[in-house]
Amino acid sequence: MSLTAISKRKNTKARIISGFMYSLCVIFTGFILSLLLWVVGYLIKIGWQSVTVAFFTQVQIPYGAEGYPGGMLNGLLGTLVLVGMAAVVGIPIGMLAGIFLSEYGANSKLSSPVRFVADVLAGVPSIVVGILGYELLVVPIGNYNGWAGALTLAFIMVPIVARTTEEMLRLVPHSYREASIALGATKARTILRVVVPSAAGSLITGVMLALARVAGETAPLLFTALGSRLLTVNPNQPFPSLTKQIYDYATGPYEAQKRMAWAGILVLISLIFVFNLSVRLIARSKHGTA
Amino acid sequence: MMQRAQTTLTHPSDPPAARPGPKPAGASVNSNPAENRAAASLPVVLPGVAPTDVHPEVDAETHILTVDNFKLAYGKRQTLHGINMKIAGGKVTALIGPSGCGKSTLLRSMNRLNDLVDGVKIEGDMRFKGQSIYDRNVDVIDLRKKLGMVFQKSNPFPMSIFENVVYALRIAGERSNARLDEVCAKSLKSAALWEEVKDRLHSSAFGLSGGQQQRLCIARAIAAEPEVLLMDEPCSALDPIATQKVEELIYELRGKYTVVIVTHNMHQAARCSDYTAFMYMGRIIEYGPTEAIFVRPHLKETEAYVTGRFG
Ligand SMILES: Nc1ncnc2c1ncn2[C@@H]1O[C@H](COP(=O)(O)OP(=O)(O)OP(=O)(O)O)[C@@H](O)[C@H]1O
Ligand SMILES: [Mg+2]
């Protein structure tokens with residue numbers, strides 16, 4: 001019997017298993033990271049030369065015309081406007097639904113049907129939503145238009161935003177709500193001033209994910225906004241979008257346009273990345289905890 | 001007053017129905033025949049124990065809060081069995097009793113915080129300054145402004161220290177920055193926290209230690225200027241020095257506020273309360289002046305608890 005205060009580690013089996021698990025984690029993390037780096041690296045390599053000044057300042061110029069292949073200004077602007085309009089409609093509806101589910105849902109018979117519908121909708125393929133948009137918003141109006149595109153994207157956003165909002169608000173400790181109520185705040189005040197701000201960081205992340213998701217959608221836009229070669233922000237007309245333009249270029253016959261499509265993808269991904277990062281930084285500086 | 005209390009002491013062997021002593025007119029719960037019946041049919045908690053939840057000295061006070069045969073059940077589980085209690089205005093009343101006996105439940109019922117819990121059923125009533133708390137027409141928001149609460153676990157909001165303290169004023173729509181600053185400083189001083197945080201009022205409340213957070217919560221409750229301060233084991237996470245500060249604070253608050261404090265610390269109850277109620281299994285077993293409860297309790301159960309031999 002040794003007299004040391006703490007006995008030596010003997011349990012080698014546990015140590016081996018723990019070491020093995022740890023290495024597995026490291027290996028797979030490395031795998032995912034290198035996959036990501038490879039995709040981004042490949043994109044930069046192929047698309048970089050085509051990200052020129054013209055890319056941001058010119059619209060598409062047809063083969064043979066002067067200045068061919070032009071740029072993607074119309075698509076870029078179109079996507080920004082489409083996503084902006086979709087956000088204006090989709091984020092409030094989604095967040096309010098999420099707040100309802102989390103804060104008022106417990107005493108309501110409505111909550112479990114709403115949650116079920118949101119889950120089903122979140123799983124519907126976007127092309128199906130596109131066809132719905134076509135039937136409801138294109139056929140009655142008589143032509144492809146920007147409204148239809150934006151609303152279809154909003155429709156895709158709502159269930160995602162609603163469910164993430166619900167999940168994030170549920171993580172806010174019950175004691176915050178109690179403390180606020182005990183100080184004489186109404187339920188609505190408590191939600192607005194304590195519950196939502198406490199979850200602000202993760203709510204913003206959820207909204208960003210939804211925005212990024214719809215910014216990259218192509219299929220629903222094929223049936224609704226259609227796309228346009230013109231530099232237009234008139235939502236009554238067929239509406240340009242970056243993704244649709246990338247799709248056209250990538251599937252077209254011209255080499256210069258194919259390269260432009262790679263550049264478009266690179267720009268789209270960078271935009272989402274920069275947007276995401278800046279919103280998070282702002283949220284962090286504003287709330288201290290993000 | 002002491003004199004009368006002594007002449008009207010209830011002896012443990014007295015049957016509860018025959019409590020002696022003159023009762024101040026109009027202030028007695030037992031003048032209500034319905035409640036007399038309820039008290040008479042009360043199942044016995046401890047064999048041979050007859051609750052003495054009405055004490056003449058408490059009776060003689062001006063009551064800010066009265067609890068009338070209040071019963072509460074969480075779902076099927078009855079937690080409070082007919083509580084009768086009168087709380088003296090401007091005094092400190094301590095609730096003591098073993099864990100799970102319903103102290104927090106009783107306290108939370110006083111500002112209707114249990115409304116937030118699903119499946120709570122209540123019976124009976126409580127009155128604040130003579131007005132029913134559980135009446136359907138009561139403005140619960142206003143009630144909660146008048147009965148502030150400090151919780152067992154400190155729960156500052158994820159905001160700056162300043163915003164935490166002035167929360168109640170903000171929701172009341174106070175705009176003047178000068179007034180907010182003034183109330184913030186005053187409340188933090190009352191809670192004995194000002195010196196420690198005056199240089200970092202605008203940093204996050206989460207940067208404070210556990211004890212500082214609890215004092216912040218006290219400051220936050222005081223800033224709302226309630227009339228009654230309900231404190232649920234406010235010192236359970238504090239070190240002796242912080243505890244002493246909070247006790248001094250409670251001592252200073254008396255007169256200006258009515259304080260109801262739940263505590264497991266017998267010394268604390270003895271030190272800083274005027275009246276003490278001993279609860280057991282959802283009932284008030286003995287209630288009276290703190291000195292009487294600690295020095296010469298009527299019931300041996302109370303004595304056993306306060307001396308640490310049971311509970
Ligand atoms: N939200 C709730 N739902 C169901 N039962 C509850 C709830 N809160 C408390 N109870 C039950 O009610 C009883 C009394 O609880 P309470 O919190 O009032 O006790 P307490 O006297 O404050 O105890 P402690 O000294 O440990 O804080 C306990 O048996 C507890 O399990
Ligand atoms: Mg408790």
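Computed over heavy atoms, backbone and side chain alike; hydrogens, waters and symmetry mates excluded.
If you tally non-hydrogen atom pairs under 4.5 Å between each of Met149(B), Lys146(B), Arg170(B) and chain A, the highest count goes to Arg170(B). Options Ala179(A), Ala185(A), Ser175(A), Pro173(A) differ in how many heavy-atom pairs under 4.5 Å they form with chain B, and the most are formed by Ala179(A).
Residue Leu147(B) touches chain A through its backbone alone, counting heavy-atom pairs closer than 4.5 Å. For a residue to count as touching a neighbouring chain, one of its non-hydrogen atoms must lie under 4.5 Å from one of that chain's; by this rule Pro226(B) does not touch chain A.
For Lys186(B), the NZ atom counts as loosely surrounded, since its 6.0 Å shell holds 12 or fewer non-hydrogen atoms of other residues, nucleotides or ligands. Atom CH2 of Trp147(A) sits in a sparse spot, with 12 or fewer heavy atoms from other residues, nucleotides or ligands closer than 6.0 Å. Counted within 6.0 Å of OH on Tyr104(A), heavy atoms from surrounding residues, nucleotides or ligands total more than 12; the atom is thus considered enclosed. Around atom OH of Tyr134(B), more than 12 heavy atoms belonging to other residues, nucleotides or ligands sit under 6.0 Å away. Within 6.0 Å of the CD atom in Gln131(B), the count of heavy atoms belonging to other residues, nucleotides or ligands does not exceed 12.
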**Message:** Tyr167(B) vs Ser180(A), test: side chain to side chain contact (heavy atoms under 4.5 Å, CB included). Steps then yes/no.
**Reply:** CA-CA 8 Å; Tyr167(B) 183 81; Ser180(A) 171; 2.6 Å; yes
**Chi angles and distances behind the side chain to side chain contact (heavy atoms under 4.5 Å, CB included) call for Arg193(A), Phe157(B)** = CA-CA 10 Å; Arg193(A) 296 200 59 120; Phe157(B) 299 130; over 6 Å; no
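With a 4.5 Å cut-off on side-chain heavy atoms, Tyr176(A) and Pro158(B) count as touching. At least one side-chain heavy atom of Leu116(B) sits less than 4.5 Å from a side-chain heavy atom of Glu178(A). For the pair Leu183(A) and Lys145(B), the minimum side-chain heavy-atom distance is 4.5 Å or more.
Between atom CZ of residue Arg112(B) and atom CD1 of residue Ile181(A) there is a gap of 12.0 Å, rounded to the nearest 0.5 Å.
For Ile141(B) against Gly184(A), the heavy-atom pair with the smallest separation is CG2-O, 3.0 Å.
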